[in-house]
Amino acid sequence: MAKKILYINGDGVGPELMAHARSIVDKLIDVEWVEGEAGYETYKKRNTPLPGDTIASARACDAVLFCAVSTPPGIPDYKSAIISLRNELGLYANLRPFRSLPNVPPPAWACPAASPQSSSFLDFSIVRENSEGLYSGIEESDGERATALRVITRKACERIVKFAFDYAQLRPFDRVTLVHKANVMRKTDGLFLEAGRAVSKAYAPAIACEDALVDSVAMRLVKSPQDFQVIVTTNLFGDILSDEASALIGGLGVAPSANIGQKHALFEPVHGSAPDIAGKGIANPTGMLRSAAMMLAHLGHPKEAARLESAIIRAYEQNVKTRDVGGLSGTQEMVEAIRKNLS
Ligand code: ATP
C-alpha cells in the first residue's frame, strides 16, 4: 500500500529542493503525496505560519517531509512554524547523523589523517531534546530586564537519553556522551545528568556512558571529532553543537535530520531556507535527499534508504557536487547524477 506523506515546501530554497526529493522518492517507493503549507510565505497569505489544516494532515499521514521555513525578525508573537509543528506532533527527539562524504574532506586540523576520497572518517550523531529547555518559549521582559525559563523535566530527560541509547544499539555504536553544564546549572543540568546516568545502566556494559561539559565538547568537536559516537543533550546545546558539527562534513547543505515522537515523525535538512541562493539552481540537495533516505528507513524501507544514500555517496565519488562543497555542478545536475546512480 502506498505510504501517505505530507510534504511542506516552506520558503526560500524549499520548493526547488522538495520537488527534487519527491521525484527521487517516487523512483523508490509508492507514495501518496499530500501538500501542506507552512512558513513565512504562508503567513503572508493566510495570516498564520502554521495553518490548522497542515497540522491535521501531518497527524493523518505516515510521515512528514519538510524543507525549511524563514522566521522573519520584527513580527511580535510570530512563532516559528517548525518549532510549533514539533510541539503539535510531540516530536521530542531530534536526530542528526553526521557522516563524511567522499571528496569533501573535513578541515585538515580536525582530521589530519583523513584521506579525501574516503567517506568514513567521521560518523557520529547528535540527539537533541526537542520539547523543552531554553526553547520552551517562556520569556518575560519589562524593557530593562528580560528572562527566559529553562524547563527541564525528569520525564523528558529519561525519554531522550533512552532514545539515544536505543539508537546506539541499533546502529550499532558502543558509546553515548551526555553533554551538559551541570557544574554551573546545577539544578537543571544536574537533573539531566542524574536521569541520564540512571537510564544508561540498563545498557551497560555493551554501551558505555560518558558525560562531558558542553564547552569542552564544542572544542573537542573541532579538535578531535572522532572521539564521539552518539552525543545526547538538551535543546539549545544540541542546536548549537549540530550546526558546528555540520561544518566538519561539508556545511549546512549536506546534513539531514529526523524529528521523532511516539506517534509521528518529520524529516528535514539541517539548513534553513537559504533566501540568498533561492531560485538560483545552486542549492545543495544532499541534506534534503539524505533526510528523505532517513524517512524511507523509518517507513520500513531500509533497502531503498540504503540505495539512496549510496547513490548520493557515488555522486560525490564522481565529483558531481555543488559549489558550497567545492564543486561546479548545479542542483539539477547533481540530482540527475544521483538519479542515474539509483539505477
Ligand atoms: P533562515 O532564516 O531560514 O534560517 P539563513 O540564511 O539564516 O535562513 P540558512 O538557510 O541555514 O540560514 O543559510 C545559512 C547559509 O548557508 C547561507 O549562506 C546559505 O546560502 C547557506 N546554505 C544553506 N543551505 C544551503 C544549501 N542547501 N546549499 C548551499 N548553501 C546553503
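Positions are given from 1 along the sequence. The model shown is predicted, which means the values in this text are computed figures rather than measured ones. For ligands, and for the atoms within them, numbers begin at 1 and follow the listed sequence. Only this structure's heavy atoms are used, side chains among them; waters, hydrogens and symmetry mates stay out.
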Under 4.0 Å from atom 7 (O) of ligand 1, do we find at least one protein heavy atom? no
With only distance considered, is Thr71 within less than 3.5 Å of ligand 1 through an N or O on each side? no
Using a 4.0 Å heavy-atom cut-off, which part of Asn284 comes near ligand 1: side chain, backbone, both, or neither? both
Quick check on Gly287 - does any of its heavy atoms sit under 4.0 Å from an atom of ligand 1? no
For residues Phe228 and Val176, determine if any side-chain heavy atom of one lies less than 4.5 Å from a side-chain heavy atom of the other. no
I'd like to know if the side chain of Tyr203 pairs up with that of Asp166 as donor and acceptor (distance under 3.5 Å, no hydrogens or angles considered). yes
Closest to atom 11 (O) of ligand 1 among protein heavy atoms sits Gly272 N, 2.8 Å
Give every residue pair that meets the side chain to side chain donor-acceptor pair (under 3.5 Å) criterion with at least one member in residues 294-305, sequence neighbours excluded. Lys3-His301
Element-labelled atoms of ligand 1 that are located less than 4.0 Å from some non-hydrogen atom of Leu252: 11 (O), 14 (C), 16 (O)
Within 4.0 Å of some non-hydrogen atom of Pro275, the atoms of ligand 1 are 6 (O), 8 (O)
heavy-atom search around atom 21 (C) of ligand 1 in the protein gives Ala274 CB, 4.6 Å
Close-contact set for ligand 1 against Gly253 heavy atoms, below 4.0 Å: 26 (C), 27 (N)
Please report the C-alpha distance between Asp62 and Lys4 in whole Å, then the side-chain angles of each, then the deciding distance to 0.1 Å, and finally whether the salt bridge (charged side-chain N to carboxylate O under 4.0 Å, His left out) criterion is met. CA-CA 5 Å; Asp62 295 309; Lys4 210 167 160 186; over 6 Å; no
Side chain to side chain donor-acceptor pair (under 3.5 Å) partner of Lys181, the single match among Asp215, Thr188, Asp189: Asp215
Would you kindly say whether Glu132 and Thr153 are connected by a side-chain donor-acceptor distance under 3.5 Å? yes
Taking atom types as modelled and ignoring hydrogens, do the side chains of Tyr40 and Ser273 form a donor-acceptor contact shorter than 3.5 angstrom? no
Kindly identify the option in Thr331, Asp276, Thr286 whose heavy atom sits closest to atom 20 (O) of ligand 1. Asp276
Check if Val13 has a non-hydrogen atom at a distance under 4.0 Å from any atom of ligand 1. no
How does Ile282 reach ligand 1, if at all, at less than 4.0 Å between non-hydrogen atoms: by side chain, backbone, both, or neither? neither
Give a yes/no verdict on whether any heavy atom in Ala68 is under 4.0 Å from an atom of ligand 1. no
Leu122, Val217: one ILVMFWY side-chain cluster at the under-4.5 Å cut-off? yes
Under-4.0 Å salt bridge between Asp26 and Arg22: no
For ligand 1, which atoms have a heavy atom of Val69 less than 4.0 angstrom away? 3 (O)
Per-atom contacts, ligand 1 versus Ile277 - under 4.0 Å to a heavy atom: 20 (O), 28 (N), 29 (C), 30 (N), 31 (C)
Against heavy atoms of Ala283, which atoms of ligand 1 measure under 4.0 Å? 28 (N)
Between the side chains of Arg150 and Thr234, does any donor sit under 3.5 Å from an acceptor? yes
